[in-house]
2 protein chains.
Amino acid sequence: MNPLLQHIRKFIPLDDREAKTVLSYFETESFKKKQIMLEEGHICNKQYFITKGCVRFYINNSKGVEQTLQFGIENWWIADYLSFQEQIPSHFYIQAIEAIEALSIDRKSFEALLLELPKLERYFRLIIQKSFGASQTRIKYLFTMSAEERYHHMNSRFPEFIQRVPQYMLASYLDFSPEFLSKIRAGKV
Amino acid sequence: MNPLLQHIRKFIPLDDREAKTVLSYFETESFKKKQIMLEEGHICNKQYFITKGCVRFYINNSKGVEQTLQFGIENWWIADYLSFQEQIPSHFYIQAIEAIEALSIDRKSFEALLLELPKLERYFRLIIQKSFGASQTRIKYLFTMSAEERYHHMNSRFPEFIQRVPQYMLASYLDFSPEFLSKIRAGKV
DNA sequence: GAAAAAACTTGAAGTACTTCAAGAAAAACA
DNA sequence: TGTTTTTCTTGAAGTACTTCAAGTTTTTTC
């Protein structure tokens, strides 16, 4: 079954006719490795549901260094919701770390879909609620753990990321320098 | 008009009968200054819409120091949504910084309300979407600004908080020590 | 399969903060 | 109003990281 439908059905029931309706609003898109999916200063026109590959959500700091705020893999939604919702320029970049396949929906289609199938409001509420919870937990970890603790914690809770993502991106996600990560790994801290 | 209804109507239309229905699900609660509204390890049973006063959402770190993750004032929702939704123990505290008046709704009533008035799913989706956006922006600032920059930024964007909140809570919200904030203010950095 | 590009490692020097301790000021309380 | 509690300030010493620069390894590309 389609992974998006599968995902939705974890949160709300959906009969076959509704399922068909849902899919009719989405398009399939591919992105090459390293391709930029959203650029700072642009409006986030689409929400993506990733069916294959790994992306990162990042910023370009004042020194021109890229810092990762979030990763996304299969069965995750990724978008700058604020920019998408309010149609205002985004502060963020989204980039394909691996070759990506995704289902995409633009603002107009999204509103039309919600109008036709209002029960999806609940699905999206629950999704975003989870993301918000994750974001708060992340801030908690940034506040309470040392750099080394954050690395080990990530390592034990999300080993799949450690494999899939370059170390320098991981370092920026954990909010320390790539050199320091290298030293942690070598046990030289 | 009731501040909650006013708030909801910024996002979705609501006729008088619906408005009455909404209010019938809520209770009015008061909390004294310093009273704990949610304790770590407990399930967050209620969502609060604050009509008067100021609260903080915080954790107790491994050294027993309290670190503020969020503030809330009039017309803000406050809850550990994850704990509320999944009925799992919270990692967070919520405490009244000033005397609080709030509208509260428990899990059961919340689900019943959404069942009776499904259009509210949209309202809550939009609310949480905004909170999530704010949380991401917050992480961005933590990553890109120095301690001093974060203070000045907060000072210029949210001067009302600087007035209402003890400095040591502000310092922990900005992720540095109260002593350091004192030095920033004195220009001794 | 060679060349180019990207990612990782290492050590030395520097710095933006933290921690501690003690006193002063402000706010709350009885 | 005086007393207690809470909050804020100050300086000195310490530290968890960063930055830089150069070399090495791994991955990608044609």
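All heavy atoms count here, side chains included; hydrogens, waters and symmetry mates do not. A note on names: the letters A, B, ... follow the listed sequences, proteins ahead of strands, and every chain is numbered from 1. Quick caveat, the model's predicted, so the values are computed rather than measured.
- Applying the salt bridge (charged side-chain N to carboxylate O under 4.0 Å, His left out) rule to E39(A) yields no partners; only residues at least two apart in sequence or on another chain are considered.
- Atoms CG (L174(A)) and C1' (dA16(D)) sit 15 Å apart, rounded to a whole Å.
- Ionic pairing of E111(B) and R122(A) is present here: one or more N-O contacts between side-chain nitrogen and carboxylate oxygen are shorter than 4.0 angstrom.
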Worksheet item: When you look at T51(A) and E101(A), which way does the side-chain hydrogen bond (donor to acceptor under 3.5 Å, both in side chains) test go after all the steps?
Response: CA-CA 6 Å; T51(A) 52; E101(A) 287 178 21; 4.9 Å; no
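- E98(A) places its CD atom 14 Å from the P atom of dT27(D), with the value rounded to the nearest Å.
- Using a 4.0 Å cut-off between charged side-chain N and carboxylate O, K33(B) and E98(B) make no salt bridge.
- Contact record, P13(A) with E18(A): O-OE1, 4.3 Å, taken as the closest heavy-atom pair.
- From M169(A), atom CE reaches atom CG of L174(A) across 13.5 Å, with rounding to the nearest 0.5 Å.
- Distance NZ (K34(A)) to P (dA5(C)): 12 Å, rounded to an integer number of Å.
- Here the P atom of nucleotide dA6(C) and the NZ atom of K33(A) are 11 Å apart, to the nearest Å.
- Computed from coordinates, the F143(B) CZ to dT18(D) C1' distance equals 15 Å when rounded to whole Å.
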Worksheet, complete the sentence: Per-nt protein contacts along nucleotides 8-13 of chain C (heavy atom under 4.0 Å; B base, S backbone sugar-phosphate only, - none) come out as SBBBB-
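- One interatomic measurement links the two molecules: CG of D175(A) to C1' of dA16(D), which rounds to 13 Å at whole-angstrom precision.
- When the C1' atom of dT27(D) is taken as reference, atom CD1 of I97(A) falls 16 Å away, rounded to whole Å.
- We find that CZ of F176(A) is positioned 13 Å from C1' of dT18(D), with the value rounded to whole Å.
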